[in-house]
Amino acid sequence: MLLLPVVVALALAGARVRAELAEASKLSAVRDQLPALQSTLDLTALVEDEMVLAVASPGSSELGRQISTVDAKTAAVQKQAEFAELPADTARTLDTAVGRLAGLRMAGAATGSATVAMTAGYHDVAVDLSRILPESIAAAGSSAMDTTAATAGALMQLRTTRAVEEALIRASVTGPVNDTLLAAAARAAAEEGVLASQVERGLPQEVIGRFRSITGSNSNRQAVLLDALTTGDGSRLPGLLTALSTESAALSDLLAGQVRDLAATVGERTNEARSSALRDTALVLGALLGALAIALLVARSLVTPVRRLHAAALTAARRELPETIEKVRAGESVSWESIEPVPVDGDEEIGQLAQAFGDMHRQAVRLAADQAELRRQVSEMFMTLARRNQSLVEQQLTLIEDLEADERNPQRLEELFRLDHMATRLRRNGENLQVLAGGSPARRDHGPVSTAELLRAATSEVKDYRRVTIVNAPNGALRSHAASDVVHILAELLENAIRFSPPEHKVLLTADRGADGGLLVEVVDSGLGMQPDDLASANQRLASGDTVSPETTRRMGLFVVGRLAAPLGVTVRLRPTHPGAKHGGITASVHVPGALVLADGLAAPDPAPVRREPVPAQARPVATPVRTPIFDGVVSGWFAEQPGPDFSSPADESWRAAEIATEQPVAAQVTSAGLPTRRPGAQLAPGAAMPRQAAAPDPAGFRDPNAVRNNLARHYNGMRAARARTGNGNGQAPQGKAEPR
């Protein structure tokens, strides 16, 4: 703001100082030229004297001496003019006058009209010399000094005219009266009167009276010359010469005084111009320094609040607002009224800007708090809806389980299994809503879960579970608090793998123990794959636990995976299965840390179970049942009998008891319906097993619909085979007995 006025002030002041310095330089140059100009005045007086001698005493020794004096003075004037560096026009005028003077001398003495011509030539030379002073003074550019110089030049011409009169009158006195000379003298006297009037107008008041007394004889001289020209009587002419000489000397003194005054004026003006230039320069410098000081004060008064405002803005943008947002996200209470105002006081624009910024900061914090409250309310609404849905789904699952326990028709049982599977997926979607709302699904403590059951549980929660092949399941188990979340993570990854791979391709699910004692589970598909940028972005979101964004709705599965994996320390990474292939696919690696894995927590089931598809009842073979949760709830004690796991009795006693048992077979018993009955443990050799105890419930609470369906199908086939053996031998049930469904 201060730069423009300072520049303008400097420009104007600089122009003025430059003009004053230029004027001082001109005046100084004129002052330096004054000695040469003074010599020019003296040269003019000498030329006038030479003119009088050349006309009155041609060829005399006195004229020769005068010519030598004039030549010496001319040489001195030319040298001084060269040293003083007169203006080019002035120097040219001096050279012209000197040249004319040399031409007049070469013409020699003459009489009559030639005498008049000679005086006219000398007059012109003197007039040229009289113009040198005004031309030199005009270079100073001062109107007052120009007037004084013009008056001095007019005085010189007036003196020259009187010299012409003197020369012509002397020529008339020394010889017979010559009308030509008298007429020329009369014209010179008339010209003198005109010049006297011009000089009088330019002279100061204090010298006008003196000038009039000097030129007062002009009218008398004109009358005498006219009388002599008219009557031819020249007796009165010699009396005019004395007055002319006296008055010419007085004019020279007056001219010298005018030149001295002019020189003094030039000197004073030169000193004044220099002093004025120095004074203005000092004033400009002082004003500039004062302006700089004021500018510094103003700048300091402006910059300091601006710096404070800038620092406050950076602090708010880089530290306070992020910290406030983190507190808001963490659920802490933040009051927008507690925001410190910007430390800038004042009612000027900077102070108003600081107040506006403080208000904006407080409003931003208030908006963040309001948004957080709104988000919390939305999350609570989601959580409430999710919990209600979860409650309904749990009730639905309980109802379906009750229906499964009472159902004997395989087809309807299969449909119930499908409903059970769909309800399980609905439960997982409800858990996804809870995770999306910022909560965590409710978990039950079922104890450690084996790796195989973990993989089967994840498989059972996807739609096309038949496309999943479990490749390997190492020994070990997961802690109870982490098992459900890991199952959820694997289910989401399996769902994505199945969705984005061709229907005819299998999705492989494999696990292995890591070097750190952890568990590494991989979901491998040969589907569409992902672009490198999308893959890197997905891995970044998985690593950071992900936050709610517009991408959340498009990739909710990865969002849920990241949210569930972060608290457990589980690492999930995606990589191409076959880089560069048409169906490159994606491999999702899930690393469970060793702290969550129990090496011998449970005996691991078959690491690579074979998945069995449902087959028609007539083609299903009779097989020893596999225990499942539904089986434990619906099977009778007749199906529940299994050998105990402990065969630690002495070998000899076991063999002997077995031989006795084979020699004494137990009689078979049948029910009223014709079904065979037996006493649990009746066919076992005494001591071959520990007393039978009730089977503990599966800690994982896992239900594989396909396996349960296969098990119940085998149970049904076994009952049909038993009825066939106890009937009429034709495979039909006894007459009058309805086949149970």
Side-chain angles (χ1 to χ4, degrees), residues 329-331 379 383 386 390 424 427-462 470 473-497 509-523 538-548 552 555-575 586-602 604 699-702:
R329 288 180 177 176
S379 298
M383 289 293 295
Q390 288 292 85
T424 303
R427 181 175 61 186
R428 179 161 59 86
N429 288 336
E431 293 177 353
N432 288 350
L433 288 178
Q434 294 184 24
V435 174
L436 180 63
S440 57
R443 303 301 188 189
R444 297 177 182 176
D445 187 4
H446 296 289
V449 180
S450 66
T451 304
E453 293 298 331
L454 188 78
L455 302 184
R456 289 180 183 146
T459 304
S460 68
E461 293 196 5
V462 297
I470 299 178
N475 292 332
L478 255 66
R479 297 185 183 275
S480 60
H481 70 278
S484 298
D485 288 341
V486 174
V487 168
H488 198 144
I489 291 172
L490 295 177
E492 293 294 338
L493 296 175
L494 285 171
E495 193 77 44
N496 286 344
L509 180 61
T510 182
D512 204 348
R513 296 296 297 274
D516 61 344
L519 183 65
L520 179 63
V521 184
E522 290 189 338
V523 179
N539 281 324
Q540 183 177 3
R541 287 196 298 271
L542 289 172
S544 61
D546 210 350
T547 56
V548 178
T552 301
R555 298 175 180 175
M556 186 180 296
L558 292 181
F559 174 83
V560 172
V561 168
R563 278 289 182 90
L564 293 177
L568 298 176
V570 175
T571 304
V572 183
R573 290 291 182 272
L574 305 179
R575 71 174 188 276
I586 293 295
T587 296
S589 299
V590 181
H591 178 264
V592 182
L596 302 178
V597 179
L598 301 176
D600 299 322
L602 288 174
F702 170 75

* Structure fact -> In short, Val572 meets Ala565 closest at the heavy-atom pair CG2-CB, 4.0 Å
* Do Leu454 and Val487 come within less than 4.5 Å of each other through their side chains, counting heavy atoms only? -> yes
* Measure across Leu519 and Ala511 and return the closest heavy-atom pair with its distance rounded to 0.1 Å. => CD1-CB, 4.2 Å
* **Partners meeting side-chain contact (heavy atoms from CB on, under 4.5 Å) with Thr587 (sequence neighbours left out)** => Glu522, Val524, Arg575, Thr577, Ser589
* Structure fact -> Nearest heavy-atom contact between Thr459 and Leu509 is OG1-CD2, 3.7 Å
* Asked: What residues form a side chain to side chain donor-acceptor pair (under 3.5 Å) with Asp512, not counting sequence neighbours?
  -> none
* State, yes or no, whether a side-chain contact exists between Val597 and Leu478 at a heavy-atom distance under 4.5 Å. => yes
* Asn539: partners by side-chain contact (heavy atoms from CB on, under 4.5 Å), with sequence neighbours left out -> Leu535, Leu542, Arg573, Leu574
* Would you say the side chain of Asp516 lies within less than 4.5 Å of the side chain of His591, judging by non-hydrogen atoms? -> yes
* Leu568 side, atom CG; Ile489 side, atom CD1 - distance, nearest 0.5 Å -> 6.0 Å
* To do: Test Val521 against every option in Val570, Leu455, Val486 by the side-chain contact (heavy atoms from CB on, under 4.5 Å) rule and name the one that passes.
  => Leu455
* To do: Measure the CG-CD1 distance between Leu493 and Ile586 for me, rounded to the nearest 0.5 Å.
  => 11.5 Å
* Structure fact -> Sorted by chain and number, sequence neighbours left out, side-chain contact (heavy atoms from CB on, under 4.5 Å) with Pro567 holds for none
* To do: Please report the closest heavy-atom contact between Pro448 and Leu598, naming both atoms and the distance.
  => CG-CD1, 3.7 Å
* Enter the distance from Glu461:CD to Glu495:CD here, rounded to the nearest 0.5 Å. => 10.0 Å
* So which heavy atom on Ala452 is nearest to which on Ala473, and how close? -> CA-CB, 3.9 Å
* Exercise: identify the closest heavy-atom pair between Arg513 and Gly476 -> NH1-CA, 4.3 Å
